[in-house]
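Excluded from the calculations below are hydrogen atoms, water molecules and symmetry mates; all remaining heavy atoms, backbone and side chain alike, are included. Order of listing sets the numbers, starting from 1, for every ligand and every atom in it.
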Amino acid sequence: MEKLRTVLIGLGERGKIHLYGLLQNKEYFEVTGVCDLNEKRVCETAETYMLKKEQLYYDAEKMLNELRPDVMVFATLPHIRLSMAELAVKYHVKGMMFEKPMATSLQVAKEITDLCKEHQIKAVVCQQHKYLRSFEQLRRRIDSGELGEIYQIQANCQPQASQLGTHYIDYMLWANGGVRAKAVTGHVHGNFYLDDSHPSPDYILGHIAFENGVRGILECGYFAKQHDAHETGFSHVIMEDKYWTDDRLTVYGTKGYAYAECSGRYGAFTSDTHSMVEAGDYDDFFKKEQFDAQTGYTREFGVWMLNDKKVHPCNVEMAYHGYEILEGIYMSAIERTRIDLPVPLPLKYDAVSILKEKLNAVDYMKF
Ligand SMILES: NC(=O)c1ccc[n+]([C@@H]2O[C@H](COP(=O)([O-])OP(=O)(O)OC[C@H]3O[C@@H](n4cnc5c(N)ncnc54)[C@H](O)[C@@H]3O)[C@@H](O)[C@H]2O)c1
């Protein structure tokens, strides 16, 4: 099998994990180049992974022009997603893997999705927690029928919406078998994180009506139900690991419920668990689980690249729908009404810009 010539742009925290995922899947991917603006990061990565000098770049376009890859991976901050996607188009890449959130506005998310469609680029957004063991366990309970008929899916995340919210909307869609949302309502408040590299209100509460009658309840931010102990105020640099894994996806069915967290914890209460809560913990997201999840996520992208029928569950069209749900929640709060999907384009306004004008500061409080 001919390998997919692959380049990686951005060698920060996430870029290194993408590189790990690619190198664990050498049967599909051959990493021909890596790039970062930061020389230290390039040198460190080269040393860790024993890369050759000719694989190292400081300018993404130069690398694309010289190496003409099949696959372009970028793990940069959200504000430069569209310019990266345009480079992918210019240099005719066939596959693109990039980080969440897929954009900082729905308009840009749509432009990226359309570019991929128009130029037949298979693209995935890295909402990879589905590949964690805790989530795979939840998937098995859904698929086996142990939960009965699913009627509600709930997600709580301590980090703000554009950090973990887009992950968890995507996991709600995944838990619901990819069925799309029909309408949403939302509440938002707090302006601290609207000036972050991942702009969102400090708290959002959204109610999602899916086309199959299932309801979704999403809350993100400091007022969300906390599932772990951590001391965190509003801050642009939060170092505490337990904050970043303080989330939970709970699926309720007519015969019981089950949940998964990216911390590794999982649990269920069903007749199979003898009407007791059966809980466990795979632990160690940062040392092990996130690497294994990345390996599975990347492998399935390799599979999709070779087989059109094996569409990746993190595909850009599903990610766009997730983004649209989030935007709908913001719009509902702004317009004080229900928002029916799909959100009509072009947008009447940019929701984040309006929220910057309208929202006030709130005091951080632990609940
Ligand atoms: N999927 C997940 O579980 C997960 C977890 C954490 C972060 N993320 C996301 O990953 C993304 C990156 O996060 P991070 O923590 O790695 O950020 P980071 O700031 O540590 O790394 C980004 C890197 O990109 C480089 N860069 C920026 N512009 C560039 C350009 N034009 N050409 C080449 N290199 C460029 C920077 O120099 C930096 O080294 C964010 O969008 C974040 O939300 C995802």
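- Of the candidates Arg140, Arg139, Arg141, Asp143 forms a salt bridge (charged side-chain N to carboxylate O under 4.0 Å, His left out) with just one, namely Arg139.
- At a cut-off of 3.5 Å, with distance as the only test, no side-chain donor of Asp202 or Asn191 sits close to an acceptor on the other residue.
- Counting heavy atoms under 4.0 Å from ligand 1, residue Ile80 touches it through the side chain alone.
- Remark: Glu30 does not engage Arg5 in a salt bridge, criterion side-chain N to carboxylate O under 4.0 Å.
- At least one heavy atom of Arg81 sits less than 4.0 Å from an atom of ligand 1.
- Counting atoms of ligand 1 from 1 in the listed order, those under 4.0 Å from a heavy atom of Pro78 are 41 (O).
- The heavy atom nearest to atom 37 (O) of ligand 1, out of those in Val34, Asn38, Asp36, is found in Asp36.
- Checked by atom type, the side-chain pair Thr270/Glu146 shows a donor-acceptor distance below 3.5 Å.
- What sits closest to atom 44 (C) of ligand 1 on the protein, heavy atoms only, is Glu99 OE1, 2.9 Å.
- A donor atom on one side chain and an acceptor atom on the other are not found under 3.5 Å apart for Gln55 and Tyr49.
- Of the listed residues (Thr76, Leu8, Ile9), the one carrying the non-hydrogen atom nearest atom 27 (C) of ligand 1 is Thr76.
- Screening Glu289, Gln290, Glu300 for a side chain to side chain donor-acceptor pair (under 3.5 Å) involving Tyr131 leaves a single residue, Glu300.
- Evaluated by nearest non-hydrogen atom to atom 35 (C) of ligand 1, the leading choice among Val125, Leu77, Leu37 is Leu37.
- Judged purely by distance below 3.5 Å, without hydrogens or angles, the side chains of His236 and Asp196 pair a donor atom with an acceptor atom.
- In terms of protein heavy atoms, atom 24 (O) of ligand 1 is closest to Gly10 CA, 3.5 Å.
- Defined by atom type and a distance below 3.5 Å, a donor-acceptor pair is missing between the side-chain atoms of Tyr222 and Gln158.
- Near Met84, with a cut-off below 4.0 Å to any heavy atom, the atoms of ligand 1 are 30 (C), 31 (N).
- The only member of Lys100, His321, Lys130 that meets side chain to side chain donor-acceptor pair (under 3.5 Å) when paired with Asp170 is Lys130.
- Within ligand 1, the atoms closer than 4.0 Å to a non-hydrogen atom of Gln128 are 1 (N), 2 (C), 3 (O), numbered from 1 in the order shown.
- Taking a cut-off of under 4.0 Å to the non-hydrogen atoms of His198, the atoms of ligand 1 that pass are 40 (C), 41 (O), 42 (C), 43 (O).
- When each atom of ligand 1 is checked for a heavy atom of Glu13 under 4.0 Å away, the hits are 15 (O), 16 (O), 20 (O).
- With no hydrogens or angles considered, no side-chain donor-acceptor pair links Tyr168 and Gln127 at under 3.5 Å.
- Between Glu61 and Lys90 there is a salt bridge, with a side-chain nitrogen of the basic residue lying less than 4.0 Å from a carboxylate oxygen of the acidic one.
- For Ala60, no nitrogen or oxygen atom sits less than 3.5 Å from a nitrogen or oxygen atom of ligand 1, counting backbone and side chain alike.
- By heavy-atom distance, the residue among Arg41, Lys40, Arg14 lying nearest atom 18 (P) of ligand 1 is Arg41.
- Set against the non-hydrogen atoms of His167, the atoms of ligand 1 under 4.0 Å away are 1 (N), 2 (C), 3 (O).
- For atom 22 (C) of ligand 1, the closest non-hydrogen atom on the protein side is Ala75 O, 3.6 Å.
- For ligand 1, the atoms lying closer than 4.0 Å to a non-hydrogen atom of Gly12 are 16 (O), 20 (O), 21 (O), 23 (C), 39 (O).
- Proximity of Gln127 to ligand 1 is not established, as no heavy-atom distance is less than 4.0 Å.
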